[in-house]
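Below, chain A is the first sequence line, B the second, and so on; all start at residue 1.
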There are 2 protein chains.
Amino acid sequence: MDALTTPPRKRDAAATRARILEAAQRAFSETGYSHTGIREIAGMAGTSSTLLLRYFGSKAGLFEAALTAAMPIDAVFAQPRETIGRSLAEALLDPANAVRPPLMIALAAGDPEAATIAAKVFESQTVAPVAKWLGGADGRARSLEMAMLATGLVSYLRQLPLRPPSPDEREHIVAWFAGAIQAIVDQTER
Amino acid sequence: MDALTTPPRKRDAAATRARILEAAQRAFSETGYSHTGIREIAGMAGTSSTLLLRYFGSKAGLFEAALTAAMPIDAVFAQPRETIGRSLAEALLDPANAVRPPLMIALAAGDPEAATIAAKVFESQTVAPVAKWLGGADGRARSLEMAMLATGLVSYLRQLPLRPPSPDEREHIVAWFAGAIQAIVDQTER
DNA sequence: AGGACAAGTTATCGATCGATAACTTTTTCG
DNA sequence: CGAAAAAGTTATCGATCGATAACTTGTCCT
């Protein structure tokens, strides 16, 4: 009588874990940390919340894992240094990149627990590497400035339901962002 | 037998309403929208959640009221235009200013309901007035750029539990922020 | 083949949340 | 004064959340 029901999928812990992680990245970056339930994520991954918790310990653990796995900044900073502003802007605003660290930061800021996790991961995975990439004694300050810009950009152009900027306004903003990033990168020691 | 118990305070709807509003501003800007309960706010105001709901209809209504009442940008933009960058930075980072629009924005971004309210209020109370203050056809784009910078600044220097920047780094960041704001303000039509 | 362990499901707990109803106390005003 | 309206309290509902326990089913290894 179960000829019409979907047969249960092959058991594969690694694949299930990966599906949960991917679903978590998508869900967290769409609805934020507090507003996303583990049942919802598990449902998107085709499993149950119980299994999710066994793999990741807790909702906070899952968030940390999702955040850590979503840090593909190397590709951006491998681009030519002379046009890194544009490259970063495009990477941040590409709709295909569902999960980006600054977006996660913006989404986590409202929840103390999530903010602590996000800050820790972001510090080690993004702020510190970029500071090293920049070089100089003021590397960390400039890295933080870039992070502020990036978080602001994704917050306003991807997250907040503001009245959408016109194409001209959007291009104005993106050009300004790229220029501001480039200025920080090109800056030499004072 | 109630000689030792505090006598109940005089009944004053306006004063109670004001206490609730102030408590809401403080609580929301410390723990965010989702993570702050109406019982907690009511407790800070010395009343009950029932009364809070009667005055503000719902938690979302209270948030909107708290946000609308926390928009003292006029004072900042009444300062001399030539040094508005510094003035804005100081206003945003002054610990006495517990509630600032960009901070509320940062805290609300993670919750869809709160983000919708915050975006609507911020658009009309801050983005639009600043756009008019700036003037020019690209006023709104430049206003949004300033909002991005401000949100990034308060997020990283007031909200996120990052490893705190050193005094030198902090001053580096503040000076950069003030310069970036000033550049947007001084910018003329291209 | 068969058992041991991993993978996955079902049921449920306890806490918390926003919201509502019903009630009591105080103030106000004719 | 006294009654009506406003101000405030107590009790509780229904839903949702993260988390745990107990159980069943599939897979793999000797």
Which nucleotide in [options] has an atom nearest any side-chain atom of [X]:
| X | options | answer |
| --- | --- | --- |
| B:Leu53 | D:dT20, C:dT20, D:dA7 | C:dT20 |
| A:Leu51 | C:dT9, C:dT27, D:dT9 | C:dT9 |
| A:Ser48 | C:dT27, D:dT27, C:dT9 | C:dT9 |

Side-chain (A:Lys120) to main-chain (A:Glu64) donor-acceptor, under 3.5 angstrom: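 No; zero donor-acceptor contacts below 3.5 Å.
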Flag, side chain of B:Ser143 to backbone of B:Gly139, donor-acceptor distance under 3.5 Å: no
Polar pair under 3.5 Å, donor/acceptor by atom type, side chain A:Thr50, base C:dT10: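 Counting by modelled atom types and ignoring angles, a donor-acceptor contact under 3.5 Å is found here.
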base_contact_polar (D:dT16 base, A:Arg39 side chain, donor-acceptor, <3.5 Å): no
Cation-pi, B:Trp176 ring and A:Arg142 (6.0 angstrom, 45 degrees): no
Sugar-phosphate only, base, or nothing, as touched by A:Ser34 at under 4.0 Å among non-hydrogen atoms: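 Since no nucleic acid heavy atom lies under 4.0 Å of A:Ser34, the category is nothing.
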Other residues, nucleotides, ligands: >12 heavy atoms within 6.0 Å of A:Glu40 CD: yes
Any A:Thr16 side-chain nitrogen or oxygen under 4.0 Å from OP1 or OP2 of C:dG8: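 For C:dG8, OP1/OP2 do have a side-chain N/O of A:Thr16 under 4.0 Å.
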Separation of atom CD1 in A:Ile38 from atom C1' in D:dT20, rounded to whole Å: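 Rounded to whole Å, this separation is 11 Å.
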